[in-house]
There are 2 protein chains.
Amino acid sequence: MNETSGTLRDHAREAVRAEVQRQAWLLFSEHGYESTTVDRIAAASGMSRRTFFRYFASKDDLVLARMVESGDAVVAALVARPAAESPWQALRASFQSIVDAQVAHADRSRALQVMLRDEPAVRATVEEWRRRWTALLTPAVAARLESAEGRAEGRAEGRAEGRAEGRADDDTRLRAEALVRSALECLESAQDAWAEREDGDLDRLVDVTMGAVAPL
Amino acid sequence: MNETSGTLRDHAREAVRAEVQRQAWLLFSEHGYESTTVDRIAAASGMSRRTFFRYFASKDDLVLARMVESGDAVVAALVARPAAESPWQALRASFQSIVDAQVAHADRSRALQVMLRDEPAVRATVEEWRRRWTALLTPAVAARLESAEGRAEGRAEGRAEGRAEGRADDDTRLRAEALVRSALECLESAQDAWAEREDGDLDRLVDVTMGAVAPL
DNA sequence: TCGACGTTGACACCGAGTGCCAATCTTGGC
DNA sequence: GCCAAGATTGGCACTCGGTGTCAACGTCGA
């Protein structure tokens, strides 16, 4: 049970980070975010306050780290969707892994969701997380838009184009970003509603929100 | 030039707040948000640090106060739109006052927009501002959706309804919230793009983003 | 003139986050 | 086994945002 020394340190570091996260989430769910001081998290993890800040850049970082992991899965799901699907449909389908994960651990997820929504101190982190997901998803959606336009051009190419190609590219990126950000808001609206109503079906709620904004 | 003593205090208070805001924005635009300490703002405004916190609940409050004012104008514009307009079209039209105001003071607005986008410390405040606007706009959009459904029901009432009326109401509110949040994201996407590219036409960019998500 | 009330400034305090330094532990070379 | 190099750790002091407290000051009405 020995490993290369280089990865050994990393492994140890990851193990410590995971344990600190576990302890922190226990404290968060019990006392809320703001009321849980870094000293308490450090003490619960058996380390000094100063050492905690060597593992996590900030208290927010504890929250952010959780989110970032799932982002890669979503973008992978998005690029795997069939090209014929509209961007909106593809985005909806890519969210399925998140939806399934939350439904699988409904109790924990609901508590977490409420915390993210109601604790003002965490919201900057949520913003940051949304930002990163947007940056990840936008290129994939832009590619989808471009290929769709390519097909459209091939079909009917009598349009007056060639005047502002660079701007058209910028517009494509911008339209992709708007789509991604809107879709993420729909997802979050559905998640918030789901966290409140005990009975809801998150899958259906996401269909409702996204279907309300654009046809699925 | 004397007034009732009750409003006199309020007037003085408002004047002080305005002056502090002015000084703060000067310092922000010169040194950025984080680097501008409350001590410096207080000193520039000729008051003690403690007194500053009696006029503004927090440093963020300086930023938030600016945003909140324009919210009422948007919701007023929304309810004034003709009932025949789709929610999405009505939202787009309601944003016009914001767009016009920003275009009128393009330089200041661009600098502000960049600061809001790039300074992580302010983003929680932006979130809060978005939240309040959502709360203001959602009921108006929900009413619009309901009346539209009422008309649709009147037209074709052979549907199997009456089973889950309460849930249908919840769904309407949820769909309205999704629409509002998506529209605000489109607005912000356009604003961010506009702040970056010197040449852009903000009006057109908002049309582009909102048109990309749903037909206008 | 006196007293009530609101405003102000100063001080002490808390929590998040950082720089610095000394103690300690691990690792590799001899 | 031993010792030096380097990484990890903990303690300390500091900055900054934010809050509670208290004494001093000014303004108003009686």
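Keep in mind that what you see is a predicted model, and the values were worked out from it rather than measured. First the proteins, then the strands, lettered A, B, ... as listed; each starts at 1. Because only heavy atoms are used, hydrogens play no part in the values below, and waters and symmetry mates are left out as well, while side chains stay in.
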- Once base and sugar-phosphate atoms are separated, protein heavy atoms under 4.0 Å mark nucleotides 7-12 of chain D, 5' to 3', with B, S and - as -SBBBB

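When side chains are defined from C-beta on, Pro120(B) counts as touching Glu34(B), because their heavy atoms get closer than 4.5 Å. At least one side-chain heavy atom of Ile41(A) sits under 4.5 Å from a side-chain heavy atom of Leu27(A). No side-chain heavy atom of Met47(A) sits under 4.5 Å from any side-chain heavy atom of Arg54(A). At least one side-chain heavy atom of Leu116(A) sits under 4.5 Å from a side-chain heavy atom of Met67(A).
At a non-hydrogen distance threshold of 4.0 Å, Thr36(B), Thr37(B), Val38(B) from residues 26-42 of chain B come into contact with DNA chain D. Of the residues in residues 117-128 of chain B, none has a non-hydrogen atom less than 4.0 angstrom from any atom of DNA chain D.
Under a 3.5 Å cut-off, the side chain of Arg81(B) and the backbone N or O of Gln89(B) do not form any donor-acceptor pair. Arg49(B) places no side-chain N or O within 3.5 Å of a backbone atom of Ala42(B) that could act as its donor or acceptor partner.
Under 4.0 Å is where a charged nitrogen must lie from a carboxylate oxygen, and between Arg131(A) and Glu127(A) no such pair does. Ion pair Glu196(A)/Arg117(A) flagged as a salt bridge, since at least one NZ, NE, NH1 or NH2 atom sits closer than 4.0 Å to an Asp/Glu carboxylate oxygen. Classification of Asp171(B) and Arg197(A) as a salt-bridged pair holds, one side-chain N sitting under 4.0 Å from a carboxylate O.
Judged by a 6.0 Å distance limit and a 45° cone about the ring axis, Lys59(A) is positioned over the six-membered ring of Tyr33(A).
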